[in-house]
Protein chains: 2
Amino acid sequence: MTIYEVARRAGVSIATVSRAMRDSDLVTAETRARVRAAAQELDFTPSRLGRSLAEGQHAANGIVFPDLVGPYYAEVVLGYEEVAAELGRSVLILATHGRRDAAAQVLDLANRVDGMVIMGRTVGDDVVERIAATGPPLVLLARDPVSTVDTIRTDNERSARELAEHLLAHGHRRFAFLGDPDDSPDVAGRYAGFAAGLRAAGVPVPAPVRCAFNLDAGREAASGLLRRRTRPQAVVCANDEVALGVHTAATEAGLSIPDDLAITGWDDVMAAGFAGLTTVRQPMRELGATAARWLHDRITEPSRDRTPVRRQVLPTQLTVRRSCGPHTGR
Amino acid sequence: MTIYEVARRAGVSIATVSRAMRDSDLVTAETRARVRAAAQELDFTPSRLGRSLAEGQHAANGIVFPDLVGPYYAEVVLGYEEVAAELGRSVLILATHGRRDAAAQVLDLANRVDGMVIMGRTVGDDVVERIAATGPPLVLLARDPVSTVDTIRTDNERSARELAEHLLAHGHRRFAFLGDPDDSPDVAGRYAGFAAGLRAAGVPVPAPVRCAFNLDAGREAASGLLRRRTRPQAVVCANDEVALGVHTAATEAGLSIPDDLAITGWDDVMAAGFAGLTTVRQPMRELGATAARWLHDRITEPSRDRTPVRRQVLPTQLTVRRSCGPHTGR
DNA sequence: CTGAAAGCGCTAACAG
DNA sequence: CTGTTAGCGCTTTCAG
């Protein structure tokens with residue numbers, strides 16, 4: 001079912017069918033009606049491929065992330081998809097799963113979309129720069145800026161520092177940090193802010209205890225930590241899953257939280273509420289939604305690169321619960 | 001940067017470039033090398049659009065779901081994407097968000113992919129049938145079969161019945177069911193199995209208390225329920241979010257769980273473990289992964305529809321924790 | 001307002 | 001093995 005058959009049936013040229021299908025005002029209402037009727041009868045839908053090739057537009061956006069485990073990426077993707085859909089664009093997803101050969105897949109994706117966002121440490125800067133140079137518009141999300149690419153992130157340093165100060169106010173002095181700063185720019189920022197907070201108070205900054213982003217990794221790392229001769233008083237974790245792993249390990253070790261051990265996480269996942277975990281909330285959907293809007297601007301702007309580079313850091317919110325230490329008063 | 005410029009630079013025809021780029025064995029190793037070198041220098045990547053139009057293949061799959069709230073859909077999508085990527089296919093996502101006009105978007109998606117999965121109650125059977133008739137291969141996921149479309153689901157009836165029996169064994173006799181059977185085929189199945197379990201024991205089957213799939217809805221519905229003169233002894237919820245909402249409401253009302261009120265959920269989300277919630281676990285990734293494999297089979301099979309209709313129901317697992325009632329022994 | 005015709009970038013017969 | 005030449009399905013000048 002192609003435009004030709006509709007044209008024949010309606011007794012017009014394919015150009016007219018094309019116009020009628022897109023409500024161009026270069027056709028009489030009457031002609032349009034006749035064409036649409038024919039299209040209806042033949043159950044014709046213009047081929048996206050044909051149209052895209054001719055227009056040089058995919059009407060699609062891409063997004064690259066490590067995976068969808070935990071609510072963080074899922075929420076970002078959701079915010080992105082929602083706005084993209086409103087703007088009439090489909091969304092292509094690509095999970096790198098930490099694969100080595102992710103670059104090739106990302107490059108392939110760049111070839112299928114009019115714009116794309118690249119999250120965190122999914123691929124190297126070389127790939128980003130290559131796409132920035134010859135590919136579609138890009139937005140970097142939760143990742144350090146590269147050359148002149150638009151970048152959107154949430155604040156990590158400041159909240160982490162605030163968190164450190166809060167813990168210090170509880171009287172804690174021996175700390176541990178769980179998470180791998182080399183794993184993602186977010187973790188690096190959180191560790192940096194945490195370290196800055198301790199340093200300002202003259203408290204020794206521990207080296208990070210590197211572990212993956214999941215409950216089991218946190219649990220395992222913690223069980224080692226808790227066996228040390230001098231146990232930390234407070235464990236700051238790179239995210240909630242890790243923190244909940246520590247929570248589990250501590251409980252198993254017969255420790256009571258927060259009296260024997262204070263714990264904090266990041267993200268405020270649903271389980272954090274039920275575990276009474278102090279954490280930091282960040283505007284995940286807004287992150288994705290903003291990226292989608294920025295991309296749309298770049299894609300539709302008349303002269304590429306007219307808009308200056310955009311950089312934004314969204315604020316986060318410290319959410320204090322009982323896991324960080326006893327709170328007196330209300 | 002097109003195939004023509006590479007051809008000129010390498011001193012060959014575009015056909016040869018095409019062959020060299022795809023490692024056809026219809027080119028000398030030497031020619032291939034020369035072409036690839038030229039391509040490299042010019043930073044040429046074959047256009048996906050051009051290729052797709054010529055091949056009549058998108059090398060992409062689609063997936064339609066209501067949203068990504070909660071781990072369920074995210075996990076299914078992840079399993080789907082992972083397998084699709086391994087099979088060399090990109091993935092297009094479409095979240096319907098319960099919109100009325102989802103049909104048009106789904107139809108549009110069908111025009112961009114070689115195969116797609118449609119989950120739950122995102123669009124009506126008419127849309128499914130229309131795509132089945134003229135569109136790419138389809139797999140229905142967590143949804144009742146439609147005509148001869150492949151369908152994969154997890155078991156709901158049986159597990160729900162098992163769950164009812166377990167609760168009956170605890171001595172509970174006054175039940176409530178939270179969730180809307182009209183909302184999704186899954187909920188319908190769960191309610192049906194639950195009802196069957198009670199009926200078999202001669203226990204009155206309550207009408208479902210309809211509520212949305214989230215914590216607040218569960219909490220609100222429960223607070224009404226708990227104010228009735230005869231409070232139920234056990235509340236069976238359509239999923240964990242709802243159950244955790246009930247949990248919250250009950251705790252707020254000063255009830256102790258499970259002594260004053262037993263609660264069960266579905267999905268085994270992370271918070272369920274921390275809340276001690278009895279629930280039912282289902283193989284979410286496997287659901288998506290299987291759908292991706294089935295689609296690939298259909299897409300690549302020589303004569304369309306040679307494979308008979310596939311229907312599969314994956315088993316689930318009752319996960320008993322403390323929220324359903326006191327367990328003696330180990 | 002409508003039609004003819006030239007692409008968009010690539011693949012795949014079909015000849016050599 | 002390599003080149004020529006049709007398309008794939010649609011949009012868009014350019015004439016009329």
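Within every chain, numbering begins at 1; the chains are lettered A, B, ... in the order of the sequence lines, protein sequences first and strands thereafter. All heavy atoms count here, side chains included; hydrogens, waters and symmetry mates do not.
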Worksheet entry | Between A:Ser90 and B:Arg112: side-chain donor-acceptor atoms closer than 3.5 Å | yes

D:dT2 phosphate, OP1 or OP2, under 4.0 Å from B:Thr28 side-chain N/O:
yes

If you define the side chain from C-beta out and look only at heavy atoms, does anything of B:Pro145 sit under 4.5 Å from B:Leu140?
no

From the list B:Ile152, B:Leu295, B:Val83, B:Val117, side-chain contact (heavy atoms from CB on, under 4.5 Å) with B:Thr290 holds only for B:Ile152

Of all heavy-atom pairs linking A:Val113 and A:Asn61, the shortest is CG1-C, 3.6 Å

Rounded to 10°, the helix from C:dC1-D:dG16 to C:dG16-D:dC1 deviates from straight, judged by its five-pair end axes, by 40°

The side-chain contact (heavy atoms from CB on, under 4.5 Å) partner of B:Asp150 among B:Leu138, B:Val139, B:Asp297 is B:Val139

For B:Ile14, is there any backbone N or O sitting under 3.5 Å from a side-chain donor or acceptor partner on B:Ser18?
no

- Query: Do B:Arg153 and B:Asp186 sit within salt-bridge range, that is, some charged N less than 4.0 Å from a carboxylate O?
  - Reply: no

**Prompt:** Side-chain contact, heavy-atom cut-off 4.5 Å: A:Val128 with A:Arg143?
**Reply:** yes

Counting primed atoms, P, OP1 and OP2 as sugar-phosphate and everything else as base, the B/S/- map of nucleotides 8-16 of chain D against protein heavy atoms under 4.0 Å is BBBBBB---

- [ ] Identify whether any heavy atom of A:Ser52 sits under 4.0 Å from a base atom; if not, whether one sits that close to sugar-phosphate; answer base, sugar-phosphate or nothing.
- [x] nothing

*Kindly indicate whether the side chain of B:Thr307, heavy atoms from C-beta on, has any atom under 4.5 Å from the side chain of B:Arg298.*
yes

Quick check: do A:Arg22 and A:Arg51 have side-chain heavy atoms less than 4.5 Å from each other? yes

5'-most to 3'-most nt of DNA chain C touching chain B (<4.0 Å, heavy-atom partner on protein side) reads C:dG9 to C:dA13

